[in-house]
Structures are given as C-alpha cells and as structure tokens.
Amino acid sequence: MPPTRSHIRATTEAYLTRHPQETDALAGLFTLLDGPAEPTSRTTLPGHITCSAAVVDRNRRVLWFTVDMLDRVRLSSGLGSLIRRHAAEHPTPGGPRTKETPPASRRGGGVPSRRAELRIVGVHLLLRDDDGRILLGLRHPDSAYGGGRWHMPAGHCERESAVACLVREAREEANLVIDPAQVEFVHLVHHAGPDDARPRLQLFFQAHAWSGTPEVREPDRCLEWRWWAPESCPAELVPYTRTAIADILAGRTYAQRGWT
C-alpha cells in the first residue's frame, strides 16, 4: 500500500525539523502534496518514496550499513550517489569507520594488502532469436550505470543462486519467462571498475528456451528492447558487454578488464 499524503507530509516535516537547511530542496514535494496529482505515481514523481525500518534480530542486534557497503545492496537508479552525497554533507560525529580497502591495494600501487575484498556478482542474460540476433536494452540516461548505452538484461545477485537471479531479472526487466533447465553458463568478466567501487564478477548465461515478448517493465532503467545482429551491435554499448559478446562468439569463457 503506498503512503498517504498525510504520512508523506508528516514524515517530511519531521525530517525538516532536524535538517531545516534542506527546506528549499523539498519545496517541490510540498507543492506536489498540495496539488491534485497522486504523489506516489511514477507518472507524477519519477522516483521512489520509500519507508525505512530498523532490522533487529533475535539477539537484539541492529542491522547497520555504512556508505562503503552500498555496492553490496540492490538500489534504485541514482539512490547510491544520493546517499553518498548526503553522507558527505552530513557526517556523523564519532560514527562507524568504513572498511573499504584502499584502491592501490588492488591496482598495483602502494603497499599490497592481504585483506580479502568482496566482489559484486552481476548476472547477465544472453538471448538470441531464430536469426541469431542478441537482445539488448537501451539504458535510461539517468541510470546509475551505463546511462544512454545498450546492455543485456542484467542485475546484481542477491541472496540467491546466479540462475535464480537470472530468472528473476528477466521477469522483472522484460517480462520474459526463463526455464532454469535451459540455461547455460557461457562467460565471465572479472571487472575492476572505477577506483571507488568494488570489483565485480560479471556472469553471462545463455537461455536456449524462453517464453514471452520483451517488454519495458522498468522505464526508469530501460527505455526499449531491441534485437541486434552480433556483427552490428550499436556503438553505444556497455564496454564490458561488448567484450563479452566478442569472447562468447569466439568460444572464450573468461576475460578481465581494468586490472593492472
């Protein structure tokens, strides 16, 4: 059930009592609340209104996130950069220290670190139609990654198997039903990424059978789906995706990018 106008207003006003310097930034929200449009509709407000909750286990331990852990959490487009910006503007005195490994420890500079660094697991769906064309989606310009570029159906693996993630993402992003028994692992890209991000393991699976017609189910992330001949992929293609397509067609199962 979406939050009501009164709940949104009360929550925002309570927030502004603690952060009055953000009154101007939230003026548009109050204007929207005073108008006739439905504030929780994406056609009215192209974003997310979310409610937060404290997660406490049976031992009364509270789940706590620090900014350097955001890459391990599945977030809506742009939310990660918003949280990082807010954290930089409102540091918590005496707050918990982050545990991010200095980038030099994995890039060959400085003193090597023996500390293990968690990888983000990305899962990608390779679909080919009867003519051998590959399904690609055009990322929304405001996407946190790959804005304005073409990419395969993909997502971050949560607490689930890689194949389960593949099936879920295909359904959520494109309304496609994938048979897990018809999925084959075809490639892995070990991607270093920018200095301030965790390394990624990008897994690629080919589905040999599926049902449904590609549909845009998340318009804030993907603008359209289109079939492309492998030799005619668009110039605006996510770089590691281009690498993976070329390697898959050549029969190679591993590649790495960004490592020195």
Side-chain angles (χ1 to χ4, degrees), residues 1-56 62-100 120 122 137-151 154-156 158 169 172-175 193-198 215-225 236 238:
M1 176 183 296
T4 64
R5 289 175 187 268
S6 60
H7 287 157
I8 298 172
R9 185 182 298 276
T11 301
T12 307
E13 289 175 346
Y15 176 80
L16 289 177
T17 60
R18 300 190 303 273
H19 305 283
Q21 71 277 11
E22 298 191 27
T23 300
D24 291 343
L26 292 172
L29 177 58
F30 284 105
T31 300
L32 179 63
L33 293 173
D34 292 334
E38 171 52 54
T40 60
S41 170
R42 288 193 179 184
T43 59
T44 303
L45 183 65
H48 297 274
I49 297 175
T50 58
C51 299
S52 299
V55 181
V56 183
V62 179
L63 182 63
W64 179 270
F65 282 99
T66 54
V67 176
D68 63 304
M69 299 168 64
L70 290 177
D71 287 332
R72 296 163 58 185
V73 183
R74 188 167 183 242
L75 301 172
S76 60
S77 175
L79 181 58
S81 46
L82 175 63
I83 295 174
R84 290 185 177 91
R85 186 169 67 251
H86 181 85
E89 295 173 353
H90 305 87
T92 303
R97 296 178 60 187
T98 62
K99 299 179 179 180
E100 186 70 35
I120 297 172
L138 179 60
R139 303 284 294 172
H140 192 284
D142 296 332
S143 294
Y145 178 80
R149 293 179 179 269
W150 294 83
H151 196 31
H156 290 164
E158 300 175 2
E169 290 288 352
E172 292 177 355
E173 291 191 4
N175 200 30
D195 285 343
D196 60 349
R198 293 186 183 277
E215 301 176 12
V216 175
R217 298 292 299 277
E218 297 178 327
D220 58 325
R221 299 186 180 187
C222 178
L223 298 180
E224 66 169 300
W225 296 106
E236 301 81 10
V238 169

For the residue pair [X] and [Y], establish whether any side-chain heavy-atom pair is separated by less than 4.5 Å.
X	Y	result
Gln21	His19	yes
Phe30	Arg9	yes
Leu29	Thr12	yes
Ser143	Asp220	no
Glu172	Arg217	no

Would you compute the distance between atom [atom1] of [X] and atom [atom2] of [Y] and round it to the nearest 0.5 angstrom?
X	Y	atom1	atom2	value
Leu138	His151	CG	NE2	12.0 Å
Arg139	Cys222	CZ	SG	7.5 Å
Glu169	His156	CD	NE2	9.0 Å

Note: Glu215 and Trp225 closest approach over all heavy atoms is O-NE1, 3.0 Å

What one should report as the nearest heavy-atom pair of Leu223 and Pro141 is CD1-CD, 3.8 Å

Report the C-alpha separation of Arg5 and Asp34 in whole Å, then their side-chain angles, then the decisive distance to 0.1 Å, and conclude whether the salt bridge (Lys or Arg N to Asp or Glu O under 4.0 Å) test is met. CA-CA 9 Å; Arg5 289 175 187 268; Asp34 292 334; over 6 Å; no

Check your understanding: So, are Asp142 and Arg221 salt-bridged, with charged N and O less than 4.0 Å apart?
Key -> no

Any donor-acceptor pair under 3.5 Å linking the side-chain atoms of His7 with those of Thr4? yes

- [ ] Decide side-chain contact (heavy atoms from CB on, under 4.5 Å) for Leu26 and Leu16; before the verdict, give the C-alpha distance in whole Å, the side-chain angles of both, and the deciding distance to 0.1 Å.
- [x] CA-CA 9 Å; Leu26 292 172; Leu16 289 177; 3.6 Å; yes

- Message: Test your reading of the model: is there a side-chain donor-acceptor pair from Trp150 to the backbone of Gly137, 3.5 Å cut-off?
- Response: no

Just by distance, do the side chain of Thr17 and the backbone of Ala14 share a donor-acceptor pair under 3.5 Å? yes

